Structures are given as structure tokens and as C-alpha cells.
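Convention: sequence-line order gives letters A, B, ...; per-chain numbering from 1. None of the values given here were measured: they were computed from a predicted structure. Note that these values count all heavy atoms, side chains included, but never hydrogens, waters or copies made by symmetry.
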There are 2 protein chains.
Amino acid sequence: MSTQPQLCHSNCDDCPIRHRAVCAHCDKDELEELEEIKYYRSFEAGQTVIWSGDQMSFVGSVVSGIATLTQTMEDGRTQMVGLLLPSDFVGRPGREGAPYDVVATTDLVMCCFRKKPFEELMARTPHIAHRLLEMTLDELDAAREWMLVLGRKTAREKIASLLSIIARRDASLTKRGMSGPMVFDLPLTREAMADYLGLTLETVSRQISALKKDGVIHLEGKRHVTIPDMGRLMEEAGDDTDGGFLV
Amino acid sequence: MSTQPQLCHSNCDDCPIRHRAVCAHCDKDELEELEEIKYYRSFEAGQTVIWSGDQMSFVGSVVSGIATLTQTMEDGRTQMVGLLLPSDFVGRPGREGAPYDVVATTDLVMCCFRKKPFEELMARTPHIAHRLLEMTLDELDAAREWMLVLGRKTAREKIASLLSIIARRDASLTKRGMSGPMVFDLPLTREAMADYLGLTLETVSRQISALKKDGVIHLEGKRHVTIPDMGRLMEEAGDDTDGGFLV
DNA sequence: GGCCCTACTTGATCTGAGTCAAGGTCCTTC
DNA sequence: GAAGGACCTTGACTCAGATCAAGTAGGGCC
């Protein structure tokens with residue numbers, strides 16, 4: 001039973017993350033209430049967590065693994081509209097159906113709250129509602145940032161944008177900081193990257209090869225990436241700002 | 001002084017729209033409080049309402065005219081990330097700077113609330129906070145829908161998608177309904193459409209001509225559009241759903 | 001160790017949309 | 001009613017990225 005206001009509801013000590021939606025400032029009664037409606041769910045890589053149109057019976061956060069939000073057209077063209085990394089929140093309080101598929105890209109563990117009672121608690125607890133609004137605004141900013149990437153950037157810039165987003169997220173998650181070279185494993189296949197960037201997997205592969213040849217990134221195997229110079233990568237991405245976005 | 005719960009704060013009778021963010025269920029005291037912090041602003045076509053990075057001192061709704069949210073890269077490439085039509089809400093309660101430019105595309109009138117006191121009222125008034133969360137979720141859905149358009153649709157599908165969005169918005173605004181042919185004026189130049197769709201203005205022009213030649217739309221002059229068959233248009237847009245999205 | 005399978009790479013070719021350029025249309029202003 | 005200008009259209013050509021088609025690399029399993 002943690003009592004620091006920073007930590008979220010009590011038992012989440014066994015999550016590596018805290019529920020960012022419901023952390024901070026929750027008092028003891030609220031934490032206990034949350035505890036009662038909390039449960040864990042696991043998914044295997046490739047499993048669909050929620051189908052587009054389905055009822056969502058929970059809200060929650062990713063504990064470990066990666067999930068994606070994807071939209072699909074009748075003819076099979078797909079576009080990822082969001083990437084969920086550990087600590088990211090999933091859920092649409094007050095909404096019924098999901099407007100996209102949520103798919104586990106790797107093995108996935110989520111920490112969930114039952115939706116109905118969560119919504120009731122939210123209605124009674126302004127600071128939770130406020131926190132959710134903040135998070136939704138963050139997601140909206142990220143989505144709009146991504147619209148610029150999809151609409152106006154070249155294939156090379158798109159790849160650089162994706163890599164810099166993943167690098168920054170990884171740095172903040174592992175608290176390794178952004179100074180010096182960045183090292184991480186790509187959490188996505190070439191195809192998933194293509195679906196996120198509105199490209200084909202062949203183009204993704206070619207551009208990654210090109211960035212490697214030009215020394216912007218190093219690759220060990222197919223997934224292990226080293227970025228010797230983040231500034232250089234961000235130039236390649238066409239980013240003027242140093243702000244960091246992503247769902 | 002309207003007392004119907006449906007109508008928003010009292011004096012907004014002189015807006016053709018009601019503040020959707022703060023409408024319904026506001027009691028008399030709340031309406032009076034809103035009244036005190038309300039004011040109108042007008043902009044000429046082409047004027048920038050808010051520059052990216054600026055402090056936003058208000059939240060509000062479009063009364064008449066069109067505004068766009070646009071992001072610009074250093075080299076001048078621009079992408080519209082949102083379209084604000086009458087009754088749409090603008091504002092980021094709890095946020096400081098704007099992450100994009102807000103530009104008046106036509107002459108524009110907005111009905112605004114001063115931000116600080118609005119936020120204070122919101123903190124005290126759960127149903128306003130709740131309404132804002134709902135609206136933000138709507139915008140997020142619209143943004144993600146648009147990511148599919150930008151990432152995966154052809155030029156022809158993009159144009160058809162934009163036309164069907166405008167047609168639907170127009171129908172709901174004028175309460176004219178969706179049965180029979182739809183008639184409306186395009187509120188955007190070819191260039192603005194291009195910036196919204198991630199295309200060039202030449203491609204927009206060519207695709208509009210093509211849709212006209214194929215009888216999907218009729219054009220009188222350059223802006224006055226008739227859509228004889230919405231179903232046909234939505235097929236052209238590649239939409240399976242009949243759901244209607246947009247910021 | 002050899003086999004298979006999935007993930008990835010690379011090459012050759014094609015094509016949709018961009019670029020560059022030349023008009024056309026219609027509105028405004030004097 | 002002529003001149004100017006914003007907005008739009010259309011044509012010719014180019015090119016980035018898609019498509020089609022072989023491959024290679026590496027991990028798991030018998």
C-alpha cells in the first residue's frame with residue numbers, strides 16, 4: 001500500500017508502470033475503489049485485443065509489449081493510427097464501440113479497469129476526468145503531428161520521423177536520457193512500419209538501408225538500432241521543433 | 001434570456017450556433033458566469049487567428065465562416081490538420097501554446113470565452129469537463145479517420161472523401177437532410193483542399209474535373225457543387241461505413 | 001546438420017501524382 | 001469596358017514510390 005501521492009492506485013506496484021490516467025493525487029478511498037475494479041489481461045503477439053465496432057468493456061494501460069491501433073479498408077489497405085507502448089492508456093470513457101482494431105504486435109500485458117465503474121468514479125472525481133482530458137489532448141496533438149508526416153513528408157523523412165519518435169519514447173521510458181548515441185530495438189516489423197507511415201514494406205526496407213549507408217543509423221541484425229547523432233536524425237526527419245510527440 | 005436547458009448560455013441567442021461545449025444542462029448561475037467572460041472576435045479572410053507557439057487566451061466556437069488548423073515545415077510544405085466550420089469548438093483548456101496555426105479561410109466570427117475563468121468554471125463544473133472530453137474524443141476520431149485518408153487513399157478517393165465530409169457537415173448544419181441530391185458551395189480554394197489532402201492544387205483540379213466528367217458530381221462555376229448520388233460518392237471515397245466524421 | 005518459414009533485401013519496371021508552363025475565367029476597380 | 005489579378009484548368013514531362021519478382025538471413029525444430 002503505497003501512500004506517496006505520485007504513485008497511482010495501491011497495487012500497481014506490480015506493474016512496471018503506474019496508471020498515468022489515474023495516478024497522482026488519488027486519495028486512499030479512490031485507490032481502494034480502483035483496486036476493486038482492476039484486473040490484468042494478456043495477449044499473444046498477433047492477437048486482436050478489440051475489433052473495430054466491438055464494445056469496449058474496459059479502459060487501461062499497457063504494462064508490457066506493443067499494441068497498435070489500425071484501420072482497414074474493404075480491399076485490405078491498412079493504416080495504423082496509433083502506437084501503444086508501455087505506460088500508454090487505451091480507452092474511450094463515455095464511448096461504446098471502438099472505431100479501430102487494437103492489435104497486439106508483440107506479447108502484451110495490460111492492466112485494465114472495468115469500464116462502467118471506472119466511468120462512475122470518473123464522474124465523481126474531477127481530477128481523474130481532468131487527467132483524461134489532458135491525455136486525450138496529447139493524443140490529439142500526436143495524431144495531428146502524424147498527419148503532417150503522412151501528408152507531406154518523403155519516404156526517407158517518414159522513416160527518420162518514426163525512428164526519432166521511437167528513440168525518444170525509449171529514452172524517456174528507460175530514463176536513459178538523450179545525450180550520446182541512442183540504442184534500441186525496433187519494436188515493429190518492416191510491414192508494421194509501412195502501415196504506420198503509409199508506405200510499402202519494400203520502400204521501408206530501402207530507406208532504412210539508405211539511412212544506414214549514409215551513416216545516419218547503424219544496424220546490428222535487422223532490429224538493433226544505434227543512432228550516433230540524434231540531431232542528424234531529426235534533420236533527416238525535417239523536424240524543426242525538438243518537441244516529442246506520439247500517442 | 002432563454003431558459004430551455006437545450007440552449008447554452010443565455011445571450012448566445014445572437015449566435016446562430018450554441019456553444020456546444022457548454023450547452024445543455026448549464027444552470028442559471030453558470031450561464032451568467034459564462035456571460036461575463038464572453039466576447040466576440042472577427043477576422044478577415046486570410047488573417048491568422050493564432051500563430052503556432054502563441055499563447056491562447058481564449059476558448060470558443062466558430063459562429064460564421066471557416067478556419068483551418070495548419071502545420072508548416074521550414075521549407076514551406078503545409079498540411080491542414082483540421083477544418084473548423086460554424087459550431088466547431090476551438091481551444092485547449094489546460095494548455096498554453098498552440099501547436100499549429102489557426103487561419104481564417106473566409107471572413108470569420110468567433111464567440112469566445114476568456115480562458116482562465118473558463119478553466120476555473122470547468123474545474124468546478126463536471127458536466128462541462130465531461131462535454132469537453134467528449135468533444136476532444138470526437139476530434140481524435142476525426143483525426144484518425146483522416147490519417148487513413150492521407151496515408152492510404154488515392155487522389156480521386158481523397159477528393160471524394162473531402163466532398164462527402166463537407167456535404168454531410170453541410171446537411172447537418174442546414175438540417176436539410178441527406179436524402180436526394182446534395183447541393184452546397186465549396187468553402188475552400190483548390191489550394192486549401194490540396195493542403196488538407198496532402199496533394200498539389202493541380203491534382204485537386206484534375207480529379208475534380210474527372211469526377212465531374214464521370215457524373216459523380218456536377219459543378220456550376222468553380223465552387224457550386226451538386227451531388228446527385230451520395231452513395232456513389234461514398235463508394236468513390238472508398239468508405240464502407242456510413243459514419244460521418246470530421247473535426 | 002539440414003529443412004522450413006518468416007522476415008527482410010534488392011533489382012527491374014511501371015505509374016500516379018508532382019512539376020513546370022501556358023492559358024482561361026471571372027471578379028474588381030477605375 | 002478595359003486592365004489587372006486571383007483562382008482555376010489543362011498539357012507535357014519527370015520522378016518518387018509502388019509493384020512484381022527474385023533472391024538472402026536467421027531462428028526454430030526435427
| salt bridge (charged side-chain N to carboxylate O under 4.0 Å, His left out) partners of B:D101, counting only residues at least two apart | none
| Least distance between heavy atoms, B:W146 atom then A:M147 atom | CD1-CE, 3.4 Å
| said: Give me the atom names and distance for the closest heavy-atom approach of A:P86 to A:G65. | reply: CD-O, 3.4 Å
| query | Can you tell me how far the CZ atom of A:F89 sits from the OG1 atom of A:T136, to the nearest 0.5 Å? | reply | 8.0 Å
| task | Identify, with sequence neighbours excluded, every residue that meets salt bridge (charged side-chain N to carboxylate O under 4.0 Å, His left out) alongside B:R152. | result | A:D195
| With sequence neighbours left out, which residue pairs that include part of residues 211-228 of chain A fulfil the salt bridge (charged side-chain N to carboxylate O under 4.0 Å, His left out) condition? | A:R156-A:D214
| chain B footprint on DNA chain D, 5' to 3' - any atom under 4.0 Å from a heavy atom | D:dC8 to D:dA12
Pair up each side-chain donor or acceptor in residues 197-211 of chain B with any protein partner under 3.5 Å, not counting sequence neighbours, and list the distances.
residue, atom, partner, partner atom, Å
B:T200, OG1, B:T203, N, 3.4
B:T200, OG1, B:T203, OG1, 3.1
B:S209, OG, B:S205, O, 3.1

| message | Base contacts versus sugar-phosphate-only contacts with protein, heavy atoms under 4.0 Å: please encode nucleotides 6-21 of chain C as B, S and - from 5' to 3'. | response | --SBBBB----SSBB-
